[in-house]
Amino acid sequence: MKRNTNGLSGVLTVPDPPHRCASSGSPRSEIVPPTNVPAPDADRRVLRLAAVLTAVIAAFGLLSRMWVVRVGLDRPRWQNIYFRLYAQHELPHQLLLLAFALALLWAAARSRHDAEAPAAVGGAGAPTLAQLGAVALAVTALGVATTHLVMHDLVFSMDEFSVDFQARIFARGESAATVPWPWRSIGPALTPIFVNFDAASGTWRSMYLPVYALLKAPFVAIGIGTLLNPLLTGLAVLALGLAARRMWPDERLRPWVAVALLATSSEVIVTAGSGYAMPAHLLANVAWLWLALRGDRRSWAGALLVGALALGLHNPFPHALFVAPFLLRLLRERRWGRLGSALLVYGAASVFWLMLLRHARANVPGQPDTSLLTVFSVPDLATVLLHGMNLSLLLTWDAPLMAILALLVFSRLRRSPPVIVDLAIGVVITLLFFMLFPSTQGHGWGYRYAFQVLGSLALIAAEGIPALVSALGARRARGWVFAGVGLALFVQLPLRLVQTERFVRPFAAGVAYVRSRPEPIVLVHGDSLWYGGDLIRNDPYLASPIVLRRNALAPTAIEQIERAFPGRVYEVGDAELLRLGMTPLERRRRGAAGP
């Protein structure tokens with residue numbers, strides 16, 4: 001029988017199956033104890049604990065939603081889309097997660113049987129490359145459908161638009177676009193959010209790091225910019241499957257569970273239809289893991305190249321937090337060659353991207369050079385509670401089975417192999433790190449700040465399959481696996497897609513209406529509609545129509561524009577946009593409750 005000897009010793013060790021460890025003299029078999037030793041009573045206890053923790057998180061989400069509605073945080077006031085989405089969409093998914101956790105808790109309490117091996121559920125033999133490719137292709141196709149049918153080809157948030165803006169500049173072979181002289185004096189009225197307009201040089205560019213925009217530029221150049229994220233998501237599923245085959249080379253069930261959990265995640269599919277950089281971060285992290293698991297020098301060099309680029313995708317934290325535990329293990333195990341090469345590559349990349357980020361954010365009003373540090377703060381109670389809501393989003397946007405299995409593995413992490421431990425630490429420090437940000441994520445489908453660790457969570461959850469089999473028995477475990485994945489694919493995902501489409505539709509209609517005006521100049525009221533400022537989506541080269549914030553223009557400026565474009569200036573009234581379904585900004589009355 002062929003042995004898997006490609007893993008990095010210590011750092012990314014993939015332990016041999018127990019029946020081979022017993023006869024092997026390899027030091028690797030002594031590092032990590034087998035994870036599927038029969039212990040049904042202990043496994044049932046841990047499974048019950050995981051189910052209880054999942055139920056508590058779901059219940060906290062329900063209570064948080066009740067509080068959001070009661071105090072009026074979901075009312076259309078200022079920049080509160082996070083709370084409005086939470087209040088409008090989360091109730092059925094929180095109830096589903098709670099019901100699934102309680103049902104599995106009941107099943108674990110009643111289960112009595114002999115322990116069985118994982119192969120009894122899924123058989124032997126890892127998924128083939130062709131099978132993984134078919135799943136990746138299906139995910140890509142679903143992402144394309146989501147882009148067109150759910151998102152209406154709209155880059156919904158201004159974070160997404162800003163990167164698309166930069167991609168259009170790169171597609172012209174430039175790093176920044178030049179604003180013509182007549183328009184520089186009214187830069188604030190025509191500059192989209194998250195775009196840095198430099199009045200001194202008359203140029204503008206995105207405030208984010210450039211690698212994701214560089215990836216998108218060739219797609220934009222040939223008119224298929226919306227294809228990038230579905231393609232990246234499909235590749236992420238494929239890379240995860242390849243990494244899972246390395247981790248469990250002689251098993252079928254655990255690799256398939258990891259792939260199924262990622263491929264059926266509502267957060268993954270909906271984000272695949274978006275313009276966020278997060279699918280690129282997800283792909284970078286799982287591709288890094290797959291390359292590192294291969295263990296040879298060329299693969300390690302490839303992993304470092306992926307990591308250096310990942311730091312510059314749009315901000316450095318998603319990959320830095322993922323890779324940090326693996327680098328610390330290199331230090332603990334004194335693998336100086338690998339550690340030295342990693343420090344050299346990551347250090348040089350960090351300096352380069354930091355300098356570029358400071359340049360991209362230079363001259364931004366209210367954004368001094370120290371702004372990269374001032375966004376952090378010590379979390380208070382309100383921030384801790386907010387991140388409890390974020391944790392509930394992380395769980396309710398994925399299969400309920402993933403929450404329980406991941407928490408099961410977290411509950412006894414010391415029994416897991418090093419690669420699982422490092423993935424788990426990466427998840428924990430990612431969640432803790434973003435607690436230092438006192439504000440909400442704003443727009444987002446699921447908890448987008450932790451999107452890059454969804455691959456880690458899928459692998460961690462798959463690691464818990466032997467314990468599930470031991471606790472429930474092969475037949476019942478098979479049923480719960482199919483139930484969890486089936487609920488994600490046939491209940492959660494369709495509902496999420498319907499909810500997302502209904503929410504996006506009015507904004508897409510408003511943007512399309514403004515952009516379809518035949519007049520070369522269009523004025524909009526960015527201060528009277530909820531997120532009305534997001535209608536300012538000018539092309540970097542000011543293709544017609546040029547859209548201006550009416551409230552950011554002085555009366556003399558409006559007069560000058562009307563003289564320059566007689567009869568060709570159109571002011572979009574609020575009533576026109578309200579008829580399309582956009583929401584009026586609710587003004588808080590004096591003494592009223594709410595934000």
Side-chain angles (χ1 to χ4, degrees), residues 13-22 24 28-58 97-98 100-122 124 244 247-248 250-258 261 395 399-425 427-428 456-484:
T13 299
V14 181
D16 292 328
H19 66 277
R20 290 190 294 175
C21 289
S24 172
R28 277 197 318 178
S29 62
E30 300 174 3
I31 296 175
V32 182
T35 60
N36 55 352
V37 174
D41 290 337
D43 290 331
R44 277 192 290 271
R45 286 195 297 270
V46 178
L47 179 60
R48 289 196 295 267
L49 174 61
V52 169
L53 291 174
T54 303
V56 169
I57 294 171
L97 180 63
L98 179 61
F100 189 89
L102 293 177
L104 191 51
L105 177 62
W106 177 77
R110 294 183 66 250
S111 179
R112 291 290 185 273
H113 62 277
D114 294 329
E116 298 176 74
V121 180
M247 293 170 65
W248 304 292
D250 298 321
E251 287 188 34
R252 185 174 183 83
L253 180 60
R254 281 193 276 191
W256 270 123
V257 167
L261 291 176
L395 301 188
L401 180 68
M402 185 160 83
I404 293 173
L405 288 178
L407 288 172
L408 184 155
V409 175
F410 273 101
S411 298
R412 55 177 193 183
L413 199 56
R414 291 182 179 179
R415 294 186 57 184
S416 299
V419 61
I420 294 294
V421 173
D422 292 342
L423 289 171
I425 294 173
V427 171
V428 171
S456 301
L457 284 172
L459 292 168
I460 293 167
E463 172 68 14
I465 286 294
L468 184 71
V469 173
S470 175
L472 300 180
R475 182 178 61 83
R476 291 187 181 89
R478 182 189 301 113
W480 281 102
V481 168
F482 282 119

So do the side chains of [X] and [Y] get within less than 4.5 Å of each other, counting heavy atoms only?
X	Y	result
F410	V427	yes
R254	P466	yes
L413	E463	no
L104	L472	yes
V481	L468	yes

Drop me the distance from [X]'s [atom1] to [Y]'s [atom2], to the nearest 0.5 angstrom.
X	Y	atom1	atom2	result
D41	S470	CG	OG	8.5 Å
I404	S411	CD1	OG	11.5 Å
L423	L459	CG	CG	6.0 Å
S456	I425	OG	CD1	11.5 Å
L105	T54	CG	OG1	10.0 Å
I57	L395	CD1	CG	5.0 Å

Which pair of heavy atoms, one from [X] and one from [Y], lies closest together, and at what distance?
X	Y	result
W248	I420	CZ2-CD1, 4.5 Å
L408	A50	N-CB, 3.5 Å
A55	A101	N-CB, 3.8 Å
L97	A403	CD1-CB, 4.3 Å
R412	A467	NH2-CB, 2.8 Å
A406	L457	CB-CD2, 4.3 Å

